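Working notes for the structure below.
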There are 2 protein chains.
Amino acid sequence: MYHLFKNSKLRFSELQRKLPYVNKRMLSKQLLELEKDNIIHKKIYPVVPVKTEYTLTNFGKSFEPIVNAMETWGENFNQNSKRDH
Amino acid sequence: MYHLFKNSKLRFSELQRKLPYVNKRMLSKQLLELEKDNIIHKKIYPVVPVKTEYTLTNFGKSFEPIVNAMETWGENFNQNSKRDH
DNA sequence: CGGTATCCGCAAGGATACTG
DNA sequence: CAGTATCCTTGCGGATACCG
């Protein structure tokens with residue numbers, strides 16, 4: 001969600017690159033959950049090879065104040081914040 | 001943490017009452033973790049029967065903007081927020 | 001009163017291989 | 001490229017009993 005707030009639109013492989021400590025099985029599972037909860041939307045481009053794009057729904061965007069507060073906290077209080085995003 | 005922001009000082013049994021869906025083994029484990037991470041402080045009164053009090057540390061208080069943002073989100077967007085705290 | 005100790009089921013998440 | 005399928009280990013969290 002943090003990365004989708006920063007970029008508004010991300011492909012699966014871009015998310016993988018931004019979250020190198022998450023393997024793709026788990027990334028896929030988490031994205032499915034977020035989609036099921038109507039927090040993100042997944043657009044599939046019917047091309048070969050397949051291309052997907054993830055965006056936040058309006059409901060997903062309602063979490064922005066929380067994510068921002070977490071980011072600010074990270075910048076101010078967590079000396080490990082550099083490696084966390 | 002939410003309840004400690006609201007009350008600043010709470011006994012174990014008060015936390016139990018405020019979190020009825022958490023059994024005391026788990027409540028105890030979570031409190032130990034928060035204490036180990038220096039987020040809360042536990043004061044033990046050497047009386048019989050034992051009395052304890054939990055408070056937020058200064059570090060714990062640094063999470064206030066995040067908890068507030070979550071509370072605001074709950075009030076505005078989550079129709080189940082009444083039963084969640 | 002404020003916890004531990006013990007036992008248990010289940011789900012989270014890693015590693016690896018495979019696929020439309 | 002964007003995932004599934006499968007197997008496996010770990011540990012979360014529930015239930016219950018006990019304790020200083």
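Chain identifiers are assigned alphabetically (A, B, ...) following the order of the sequence lines, protein sequences preceding nucleic acid strands; residue numbering begins at 1 within each chain. The structure displayed is predicted, hence computed values, not measured ones.
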Nearest-0.5 Å distance, CD1 of residue A/Ile66 to CE of residue A/Met1: 8.0 Å
Using the closest heavy atom to pick a nucleotide of DNA chain C for each, name whichever of A/Asn23 or A/Pro49 lands nearer the 5' end. A/Asn23
What I'd like to find out is whether the side chain of A/Thr55 reaches to under 4.5 Å of the side chain of A/Lys42, using heavy atoms alone. no
Stacked cation flag A/Lys51 on A/Tyr45, 6.0 angstrom / 45 deg: yes
What one should report as the nearest heavy-atom pair of A/Phe5 and A/Gly60 is CZ-O, 3.6 Å
May I have the distance from A/Leu19 (atom CG) to D/dA2 (atom C1'), rounded to whole angstrom? 15 Å
When all nucleic acid strands are considered with a 4.0 Å heavy-atom cut-off, which category describes B/Tyr54: base, sugar-phosphate, or nothing? sugar-phosphate
Considering all heavy atoms of both residues, which atom of A/Leu56 and which atom of A/Leu4 are nearest to each other, and what is their separation? CG-CB, 3.7 Å
For salt bridge (Lys or Arg N to Asp or Glu O under 4.0 Å), just list the numbers for A/Glu14 and A/Lys9, CA-CA rounded to whole Å, side-chain angles, deciding distance to a tenth of an Å, and then say yes or no. CA-CA 10 Å; A/Glu14 293 175 314; A/Lys9 183 194 296 190; over 6 Å; no
Treat each ILVMFWY residue as a node, draw an edge where side-chain heavy atoms are under 4.5 Å apart, and state whether A/Val50 and A/Leu10 are in one component. no
Are the side chains of B/Ile40 and B/Thr57 in touch, meaning some heavy atoms are under 4.5 Å apart? no
Strand-adjacent residues in residues 24-33 of chain A, judged by heavy atoms under 4.0 Å from DNA chain C: A/Arg25, A/Met26, A/Gln30
Between which nucleotides of DNA chain C, read 5' to 3', does contact with chain B run, using atoms under 4.0 Å from its heavy atoms? C/dC1 to C/dT6
